[in-house]
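Report on the structure given below.
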2 protein chains.
Amino acid sequence: MGSYVEIIENLTLILGENRIKTDLESLKIWGCDRTRHFDPKPQAILFPQTTEQVQQIVRLANQLKFAITPSGGRTGLSAGAVAANGEFVISLDKMNQVISFFPADRMVRVQAGMITEDLQNYALQQNLFFPVDLAASGSSQIGGNISTNAGGIKVIRYGMTRNWVLGLTVVTGNGDILRLNKGMVKNATGYAMQHLFIGGEGTLGLITEADIRLDRVPKNLQVLVFGVPEFAAIMPILSKFQAEIDLTAFEFFDQRVMEIVMAHSQLQPPLAAPCPYYVLIEFEAPYEIILEKAMQIFESCMEQGFVLDGVISQSIEQAKNLWRLREDISESCAPYLPYKVDVSVLISYIDDFIKDVEKVLKQHHPEFKICWFGHIGDGNLHLNILKPQNLDKDEFYAQCKHAMRYVFDIVEKYDGAISAEHGIGMTKKAYLGYSRSDEEIVYMKRIKSIFDHNLLINPGKIFD
Amino acid sequence: MGSYVEIIENLTLILGENRIKTDLESLKIWGCDRTRHFDPKPQAILFPQTTEQVQQIVRLANQLKFAITPSGGRTGLSAGAVAANGEFVISLDKMNQVISFFPADRMVRVQAGMITEDLQNYALQQNLFFPVDLAASGSSQIGGNISTNAGGIKVIRYGMTRNWVLGLTVVTGNGDILRLNKGMVKNATGYAMQHLFIGGEGTLGLITEADIRLDRVPKNLQVLVFGVPEFAAIMPILSKFQAEIDLTAFEFFDQRVMEIVMAHSQLQPPLAAPCPYYVLIEFEAPYEIILEKAMQIFESCMEQGFVLDGVISQSIEQAKNLWRLREDISESCAPYLPYKVDVSVLISYIDDFIKDVEKVLKQHHPEFKICWFGHIGDGNLHLNILKPQNLDKDEFYAQCKHAMRYVFDIVEKYDGAISAEHGIGMTKKAYLGYSRSDEEIVYMKRIKSIFDHNLLINPGKIFD
């Protein structure tokens, strides 16, 4: 590795003095994401403004052999953007501009540091819609969304971030600029390498620009919340609705979550009596008849005993309040210092999966309080383990880490993913083998070394 | 390379005698696809029935160093499945079974040799829908659809084949079995390697099983055909409809195509007078009000001069007949021995692109008759050059090949793809550089060598 002084001198030639931060406060801020398990220890924070500057930095890194951590909105939950080992952080904060808009294609080319919410708003200004929406949209950047293939609350209708990426400009770990797919819907000219960068957690290079597909703005969204007597009733509700209506969301949460959210957010109970489970359903109703159809399905669900009670939004205000029951979960649970587990299994296996997990946790950690919620319409479950009051924080985390082996054994049994949308980063690296075979990991490492010969870009993330 | 006798003996141990064909007729049939530019010269045709048998063959190939060509329904148009250089063909014909169906996930796991139409019908039996549909659906196999990332006529609504693949079982060129993504919608556990195999034209290994997502069956499809005064009017029509109605198809063709199809298929003209261009629009109208909305948009298009005349299907029968105007194009043009060019550019560039191509072809090949049609809603144009009667066939093809340099120069100028959906295979290999940079091609070759150390799987396809 080149000397610190040598590196900084060269970086200054590339970026100018004002685009490099080395003060302790900045190192702390830009050296981490939302996880707090690893201490940030970056060498410096760099703020390039162009793809070419990123390329020059990466080439310098290869020449002087220093490691780089790409950094977006730092809202990640897997320590994928934490610089814990003396890396130089490349922040995309200063690359947040719209490059060009293609109305006929309903596509926009942006710099990767654009904040998700800014992109959502830009789309709305064009009377279009960017459908990736998540709790962190106000801070997360589109480059980070792409690097983690972010999901969020509208996946059942719109798919993952991957589905909205029509092209990427990347600087590979070797310092090559690749313009991948250039905004096209159809392109049959060899390997779709952009898909390695999507969800690649910044380990193959840096995404500097993205071509994002937009959709029409959804019309007259309606929200229903149902009380459900047992978990097994949720799937028939989903399938009855899906047969008739294109849903934009299908979320579920249990009564424990409901109580926590109501207490925290001071919301009124949506239904007359508590129920074991709840589902939140959202769909477009541009025509009155769709609402009538939904009411018919609701009644049929009631008759068959799948639903105990239900409420429908009568106004945009009410729809927002019903959504708060779901959207406030993270914040409401935060005081309980929850250990968050984000997993995915086929919908067909969810019922058995939950039973198995509850059984094994009860057996090994009877004092754990667990709550379930998630984007069940796409097989994504969030398991939050709440800290028992009498347990020390560190001891609680240690016990949770230990308990993960049992949980992930069950994920493996059902061919699931140990992370549905948060990523592996550093927090789940030790568990990767529960979801990917030894052979797959070997191939992934070889792919890594193709794009990053010297293993300098985001080292120690996903795998060692 | 091992001796022929040694190879066949070992293959017989794996497959049994009845699953190996070496007669000349079979070599000819299974050695090629729908292209006729390369003579099939395979050594033998192999018909494994399981992923494990495919693995054993590939391992044997690595041991005895013989090349393999994967073969599906042989409907390809780029010679991607032609065994022109003494390869052993692995046909997926005997791997055509449904493995399991997951109703709650609306997902089916099938062997890769399943014929596309059989999958469509299987889905319909479950009251679900497999939306990839193309002229060759009756013969093409799902593994081939995936390997070419097939598009077809419904891409504007449903996306490419890639969008419907939730998991793949593959045997890599090195002989490893990888089970990629296992049917999940959300999976953030490292690189999405399945996307390299999707559209990989069988060069990285063999796809043996696939997890296919299904959709609800579309309801009450309506078909409109409009006559359009000039190309520039097509995009405003698209954008007016897209703002209000989710289209399932938006196709266009020119008057020359219309005449050829009407003559060939003995169809009545859909409109009172001929028009320079036509668009065919399809959408779901489960509710009467959607049809009324479409009529309003149609009228507004007429008023603004974007549309000269229009017709709407009044019955399923009529809808089918309107679709024939588009679906019969390939067959109708066949007697003219067309040279087919399948390209993609951003919709925003199509108008200029067509003008540039017409200009350059007129300049260099004034005797060429060209016609345009395609899936314009996703930027995919089919350019067919019809053979002038007085020109010898071979001379015509030679001239077309030469003319491609001009056409692909223009594709490159507009950042387009020299193949939108047919693939590169062998027919477009020499032109790959018009769509992919030197660096990209280097990375693609490295990826190839990771999955296929000895370069034995489908050699000579996409690149050398």
Side-chain angles (χ1 to χ4, degrees), chain A residues 102-105 107 148-149 151 155 160 163 176 178-180 182-193 195-196 198-200 216 235 238-239 242-243 287 289 344 346-348 378-380 415-424 432 435-437 439-440 443-444 446-447 450-451 462, chain B residues 102-107 148-149 151 155 160 163 176 178-180 182-193 195-196 198-200 216 235 239 242-243 287 289 344 346-348 378-380 415-424 432 435-437 439-440 443-444 446-447 450-451 462:
Chain A
F102 301 84
D105 295 272
M107 190 263 283
T148 54
N149 188 26
V155 171
M160 308 292 282
N163 201 28
D176 297 310
L178 305 182
R179 291 184 61 219
L180 300 170
K182 302 171 199 162
M184 281 176 282
V185 172
K186 299 172 97 167
N187 180 2
T189 61
Y191 310 142
M193 294 187 288
H195 286 290
L196 295 174
I198 303 170
R216 67 167 176 77
M235 296 313 152
L238 173 63
S239 98
Q242 275 189 317
Y287 311 111
I289 193 168
S344 170
L346 293 189
I347 298 175
S348 304
D378 29 75
N380 180 189
D415 268 350
I418 59 165
S419 174
E421 51 183 4
H422 296 169
I424 299 297
L432 184 60
S435 282
R436 305 293 291 252
S437 68
E439 289 88 350
E440 281 182 89
Y443 280 97
M444 288 202 280
R446 287 181 189 153
I447 287 173
I450 282 181
F451 287 93
I462 305 181
Chain B
F102 301 83
D105 294 272
R106 304 208 284 196
M107 189 264 284
T148 54
N149 188 25
V155 170
M160 308 292 282
N163 201 28
D176 296 310
L178 305 181
R179 291 184 60 221
L180 300 170
K182 302 170 198 162
M184 281 176 282
V185 172
K186 298 172 97 166
N187 180 3
T189 61
Y191 310 142
M193 294 186 288
H195 286 289
L196 295 175
I198 302 170
R216 67 166 176 76
M235 295 312 153
S239 100
Q242 276 191 317
Y287 312 111
I289 193 168
S344 170
L346 293 189
I347 298 174
S348 304
D378 30 75
N380 180 189
D415 268 350
I418 58 164
S419 174
E421 51 183 4
H422 296 169
I424 299 298
L432 185 61
S435 281
R436 306 293 290 253
S437 68
E439 290 88 349
E440 282 182 87
Y443 281 97
M444 288 202 280
R446 287 181 188 152
I447 287 173
I450 282 182
F451 287 93
I462 304 181

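Bear in mind the structure is a predicted one, so any value in this text is a computation, not a measurement. First the proteins, then the strands, lettered A, B, ... as listed; each starts at 1.
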Give the member of [options] that has the highest number of heavy-atom pairs under 4.5 Å with chain A.
| options | result |
| --- | --- |
| B:Met107, B:Met184, B:Glu439 | B:Met184 |
| B:Asp105, B:Ile424, B:Leu178, B:Asp415 | B:Asp105 |
| B:Ala243, B:Gly379, B:Gly190, B:Ala192 | B:Gly190 |
| B:Asn380, B:Leu196, B:Ile447, B:Ile347 | B:Ile347 |
| B:Gly151, B:Gly199, B:Gly416, B:Pro103 | B:Gly416 |
| B:Ser344, B:Ser437, B:Ala420 | B:Ala420 |

Selection from [options] maximising heavy-atom pairs under 4.5 Å formed with chain B:
| options | answer |
| --- | --- |
| A:Asn187, A:Val155, A:Ile462 | A:Asn187 |
| A:Ile198, A:Val185, A:Leu346 | A:Leu346 |
| A:Asp176, A:Thr148, A:Leu180, A:Ile418 | A:Asp176 |

Using 0.5 Å steps for rounding, measure from the [atom1] atom of [X] to the [atom2] atom of [Y].
| X | Y | atom1 | atom2 | value |
| --- | --- | --- | --- | --- |
| A:Ile289 | B:Ile289 | CD1 | CD1 | 8.5 Å |
| B:Lys182 | A:Ser435 | NZ | OG | 6.0 Å |
| B:Gln242 | A:Arg216 | CD | CZ | 10.0 Å |

Using heavy-atom distances under 4.5 Å, tell me whether [X] contacts chain A through its side chain, its backbone, both, or neither.
| X | answer |
| --- | --- |
| B:Phe102 | both |
| B:Arg106 | side chain |
| B:Leu432 | side chain |
| B:Met160 | side chain |
| B:Ser239 | neither |
| B:Asn149 | neither |

Region of A:Tyr191 in contact with chain B, defined by heavy-atom distances below 4.5 Å: both
If you compare all heavy atoms of B:Glu440 against all heavy atoms of A:Met193, which two are closest, and at what distance to 0.1 Å? O-CE, 3.6 Å
Quick one, B:Arg446 and B:Tyr443 - any side-chain contact, counting heavy atoms below 4.5 Å? yes
